[in-house]
Amino acid sequence: MTNQKRVWQGTSLGALVLGLGSIMMPAQSVHAADAVDYSDTSNWLCIPGNSRACEVDMSTTIVNADGSVRLEPWSDNPFAPIDCFYVYPTVSQDTSANSDMIAGPEEYNVVRSQFARMGSQCKTFAPLYRQVTLTALRANMTGNSDLTPDRELGYQDVVDAWNYYLENHNEGRGVVLVGHSQGAGVLTRLIVNEIEGKDVQDKIVSAMLLGTTIQVPEGEVVGGTFQHMPLCENGDQTGCIVTYASYRDTNPPPATALFGRNGNGTVSACTNPAQLAKGSNELDAYLSNVSPEGFSSSDVSPWTTVGANITTPFVSVPGLLSAECVSNEAFSYLQITVNADPDDGRTDTVSGDVMNPDGSINEGWGLHLIDANAAMGDLVELVSSQAQAYQWR
């Protein structure tokens with residue numbers, strides 16, 4: 001595979017296909033390929049001894065409603081009592097159908113955005129894997145059959161990375177599984193095939209499967225996608241599932257939306273991370289201070305109206321976003337509300353929508369680009385609570 005990394009600039013389709021990997025696809029035969037050697041730390045984005053993608057600046061500017069700002073520093077915890085194992089979403093811009101094992105800016109950026117902050121609560125593990133690329137998904141959506149990805153290849157890579165981690169790094173510790181979109185789909189398969197009903201299930205502190213669809217029978221917390229691991233119902237519960245797909249309150253999922261779709265006799269599971277973390281609907285968001293590279297999201301708006309120069313990679317906006325799980329006959333999802341106040345000194349908008357070529361919002365994808373960021377502080381706090389509960393169980 002080529003070492004050349006291509007930046008896909010300005011195309012709305014790049015963002016649209018970001019979520020396709022979370023759909024459970026029929027299994028295809030694994031093409032002949034050499035297995036990845038996960039004892040080689042260069043095949044990891046984050047692993048003790050080579051945490052290259054997780055040892056980054058995570059500092060945040062907190063922007064209050066009146067426009068005042070203050071700096072929030074961040075550091076990891078080298079003595080964290082549990083581990084976190086992350087599988088990233090569809091980000092590779094390689095020109096091949098499956099990505100190579102050479103990390104480009106897109107892999108580094110998504111780890112920083114969605115996972116590195118977990119390092120304050122857990123030791124971080126994030127394998128590279130030969131995922132289905134944006135290029136292949138774009139070709140699929142436009143009817144181009146020249147690129148046919150091997151959907152089993154990336155999944156088997158993650159299985160191998162998971163087994164290597166268990167055999168060489170776990171040492172009896174609890175572990176949180178974290179994935180978004182294609183990564184969440186891969187972890188869903190891993191749980192079903194390799195974890196549920198086996199001894200290793202006892203090691204699972206929780207599984208955070210974001211930007212995907214997990215089915216449960218209506219009114220139940222287990223059954224459907226998973227037979228043994230229930231949805232999380234409180235913040236100190238362990239061995240459970242955190243999952244949701246997010247949409248704006250002003251742009252609910254249309255009939256063609258993929259995420260959050262209810263099944264035949266089942267509903268799409270939704271667990272509100274803010275409620276689990278602190279019993280409130282107010283989201284503790286950590287939003288990127290730059291637009292996603294290569295994806296069609298609206299540009300980041302100025303965070304204040306008072307001219308503050310914000311240079312940190314992340315911004316926190318207390319009270320601006322709130323969320324609740326809502327459902328109708330067709331969909332169940334996390335509805336996010338922007339609590340705008342045009343009279344205060346802070347922005348009234350957040351970016352994160354997938355955009356059509358004409359500049360309109362593609363409502364079918366909701367806030368897929370910020371599924372994790374919109375609730376990152378709550379997810380981190382939830383890991384903290386679950387880690388403590390796991391240690392004292």
Side-chain angles (χ1 to χ4, degrees), residues 1-8 11 13-40 42-45 53 85-108 110-111 114 125-166 177-195 209 211-213 225 258-259 294-295 368:
M1 295 184 180
T2 178
N3 294 358
Q4 182 68 31
K5 295 288 180 180
R6 180 174 61 91
V7 177
W8 185 0
T11 55
L13 202 52
L16 296 183
V17 299
L18 179 63
L20 283 182
S22 63
I23 303 169
M24 298 299 289
M25 295 294 201
Q28 299 180 8
S29 60
V30 178
H31 298 175
D34 292 336
V36 174
D37 178 10
Y38 283 104
S39 68
D40 183 347
S42 69
N43 290 323
W44 294 80
L45 287 158
F85 185 95
Y86 171 68
V87 183
Y88 50 89
T90 314
V91 295
S92 175
Q93 298 179 55
D94 290 351
T95 56
S96 50
N98 287 81
S99 66
D100 58 27
M101 291 293 292
I102 300 171
E106 61 269 37
E107 284 88 2
Y108 282 96
V110 77
V111 171
Q114 295 188 343
F125 294 82
L128 282 164
Y129 71 107
R130 291 170 288 187
Q131 69 169 204
V132 177
T133 63
L134 288 172
T135 308
L137 292 176
R138 181 190 187 195
N140 177 267
M141 290 185 68
T142 57
N144 184 346
S145 60
D146 291 342
L147 285 177
T148 302
D150 183 345
R151 299 185 184 276
E152 291 298 297
L153 189 60
Y155 169 70
Q156 190 57 55
D157 285 348
V158 173
V159 171
D160 292 344
W162 171 248
N163 287 331
Y164 177 80
Y165 156 75
L166 288 176
L177 303 176
V178 184
H180 179 251
S181 197
Q182 181 174 171
V186 169
L187 284 178
T188 297
R189 291 185 62 191
L190 183 79
I191 293 169
V192 170
N193 296 334
E194 305 291 334
I195 295 174
L209 308 175
T212 190
T213 302
T225 302
L258 293 175
F259 304 108
F295 300 122
H368 194 67

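- Taking every heavy atom of both residues into account, Gly211 and His368 meet most closely at O-CE1, 3.3 Å.
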**Study point:** Full working for side chain to side chain contact (heavy atoms under 4.5 Å, CB included) between Val87 and Leu190
**Key:** CA-CA 11 Å; Val87 183; Leu190 183 79; over 6 Å; no
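- For the pair Leu209 and Ile191, the minimum side-chain heavy-atom distance is below 4.5 Å.
- Interatomic distance, Asp40 CG to Leu128 CG, rounded to the nearest 0.5 Å: 10.5 Å.
- Counting heavy atoms from C-beta outward, Pro89 and Gln114 have side chains that approach closer than 4.5 Å.
- When each of Asp157, Asp94, Asn98 is checked for a side chain to side chain donor-acceptor pair (under 3.5 Å) with Arg130, only Asp157 meets the rule.
- The shortest non-hydrogen separation linking Val192 to Thr225 is CG2-O, 3.8 Å.
- Partners of Trp162 under the ring pair (Phe, Tyr, Trp, His ring centres under 6.0 Å) rule, at least two apart in sequence or in another chain, are Phe85, Tyr165.
- Across all their heavy atoms, Ala53 and Tyr108 have their closest contact at CB-CD2, 3.7 Å.
- Annotation: side chain to side chain donor-acceptor pair (under 3.5 Å) contacts of Asp160 (sequence neighbours excluded): Gln156.
- With hydrogens and angles ignored, the 3.5 Å screen pairs a side-chain donor or acceptor of Ser99 with a backbone N or O of Tyr129.
- Atom CG of Leu153 sits about 11.0 Å away from atom CD of Gln131, to the nearest 0.5 Å.
- In this structure, Asn43 contributes its side chain and Tyr38 its backbone to no donor-acceptor pair below 3.5 Å.
- Here the side chain of Gln93 pairs no donor or acceptor atom with the backbone of Glu106 at under 3.5 angstrom.
- Not counting sequence neighbours, Tyr155 has no partner by the ring pair (Phe, Tyr, Trp, His ring centres under 6.0 Å) test.
- With Leu147 as the partner, the side chain to side chain contact (heavy atoms under 4.5 Å, CB included) test is satisfied by one option alone out of Thr133, Thr135, Thr95: Thr135.
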